[in-house]
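Everything on this sheet refers to the single structure shown next.
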Amino acid sequence: EGGTCDDMNPTIECATALECVDSVCIDPSTETCAATIALTGTSGTETGTTTYSGLNAENYETPDNECTTYPSVGTEQTFSVTVPAGQTLTATWTGENDGTSIDGAIYLLDACPGSTCYVGTDDGLDETIVWTNDTGGAAEVIIVGDRWTVSDQTEAYDYTLEWSIQ
């Protein structure tokens with residue numbers, strides 16, 4: 001962690017397992033999930049603004065975009081929540097930039113960064129996922145609210161996450 005690198009010059013690289021972001025070597029396993037918001041209770045609404053930290057425009061999805069089948073390369077926000085065994089989590093993600101709705105995406109991972117995607121969607125503007133915990137025990141999961149963009153991947157936007165567990 002730390003040290004300098006050159007994004008445009010591959011001969012000035014970071015040590016193994018570090019990534020060069022904005023000319024600084026960082027550990028992506030800690031940086032990408034550092035801003036995860038813990039959700040408590042059985043329902044709620046979270047609002048905020050995504051920010052660009054250099055890595056959070058990376059796609060948190062598992063390989064091959066198996067959650068949504070589309071790459072979601074815009075800035076995102078992660079949330080952690082514990083779903084009791086047999087309970088159902090419903091989460092809806094919406095976003096806007098300067099009053100215009102963004103093309104959102106939402107997916108549910110086993111961890112951050114994740115190796116398993118439980119459910120995800122990228123069908124339009126407001127996105128909703130529903131997942132029933134059939135793991136046999138309480139499961140801490142990661143909700144990722146994301147966006148698809150072809151323009152500025154670093155662009156921030158306002159978001160709302162509405163969620164409930166029943």
Side-chain angles (χ1 to χ4, degrees), residues 1 17-19 21 26-96 101-150 153-166:
E1 187 101 24
L18 298 180
E19 274 190 44
V21 177
I26 61 173
D27 180 350
S29 68
T30 58
E31 178 70 17
T32 57
C33 301
T36 298
I37 296 171
L39 304 176
T40 59
T42 58
S43 66
T45 300
E46 295 289 327
T47 60
T49 302
T50 63
T51 57
Y52 177 70
S53 69
L55 276 180
N56 72 336
E58 301 256 335
N59 191 351
Y60 285 125
E61 282 201 46
T62 54
D64 301 322
N65 302 310
E66 69 184 79
C67 285
T68 67
T69 68
Y70 296 103
S72 301
V73 295
T75 55
E76 59 269 317
Q77 180 62 56
T78 54
F79 306 86
S80 65
V81 65
T82 300
V83 181
Q87 296 288 296
T88 299
L89 169 68
T90 302
T92 299
W93 178 256
T94 58
E96 69 174 42
S101 295
I102 57 105
D103 183 358
I106 187 171
Y107 38 98
L108 190 68
L109 302 177
D110 61 336
C112 190
S115 61
T116 299
C117 176
Y118 295 118
V119 64
T121 186
D122 183 6
D123 290 331
L125 301 177
D126 298 347
E127 305 288 357
T128 299
I129 55 171
V130 178
W131 177 72
T132 300
N133 179 1
D134 61 1
T135 65
E140 183 176 352
V141 293
I142 302 296
I143 301 168
V144 182
D146 206 341
R147 79 176 287 191
W148 180 85
T149 183
V150 293
Q153 296 179 10
T154 67
E155 181 178 70
Y157 58 93
D158 298 324
Y159 66 80
T160 300
L161 173 74
E162 294 177 343
W163 65 279
S164 67
I165 299 171
Q166 297 179 315

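Just so it is clear, the values below take in all heavy atoms, side chains as well, and ignore hydrogens, waters and symmetry mates.
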>> Can you give me the closest heavy-atom contact between A38 and S80, atom names plus distance?
In response: CA-OG, 3.5 Å

> Mind checking whether T128 and T90 have side chains closer than 4.5 Å, heavy atoms only?
Replying inline: yes

> Could you go step by step and tell me if S164 and S43 meet the side-chain hydrogen bond (donor to acceptor under 3.5 Å, both in side chains) rule?
Replying inline: CA-CA 4 Å; S164 67; S43 66; over 6 Å; no

>> Rounded at 0.5 Å granularity, tell me how far OG1 in T121 sits from CD1 in I129.
In response: 9.0 Å

>> Distance check, rounded to the nearest 0.5 Å: T116 atom OG1 versus I142 atom CD1?
In response: 12.5 Å

> Which pair of heavy atoms, one from Q87 and one from Q166, lies closest together, and at what distance?
Replying inline: OE1-C, 2.7 Å

> Any side-chain heavy atom of V119 within less than 4.5 Å of one from V130?
Replying inline: no

> Do any pairs count as a side-chain hydrogen bond (donor to acceptor under 3.5 Å, both in side chains) and have a residue in residues 132-144, sequence neighbours left out, and if so which ones?
Replying inline: T88-T132, N133-T135

> With sequence neighbours excluded, what pairs up with V81 under the side chain to side chain contact (heavy atoms under 4.5 Å, CB included) test?
Replying inline: L39, V83, L89, V141, I143, W163, I165

> Which atoms form the tightest heavy-atom contact between T36 and C112, and what is the distance?
Replying inline: OG1-SG, 4.3 Å

> Which atom names give the shortest non-hydrogen contact between A91 and L161, and what distance separates them?
Replying inline: CB-CD1, 4.0 Å

>> Classify the ring geometry of W93 against Y159: parallel below 30°, tilted from 30° to 60°, perpendicular beyond 60°.
In response: parallel

> Roughly how far, to the nearest 0.5 Å, is CD1 of I106 from CD of Q77?
Replying inline: 12.0 Å

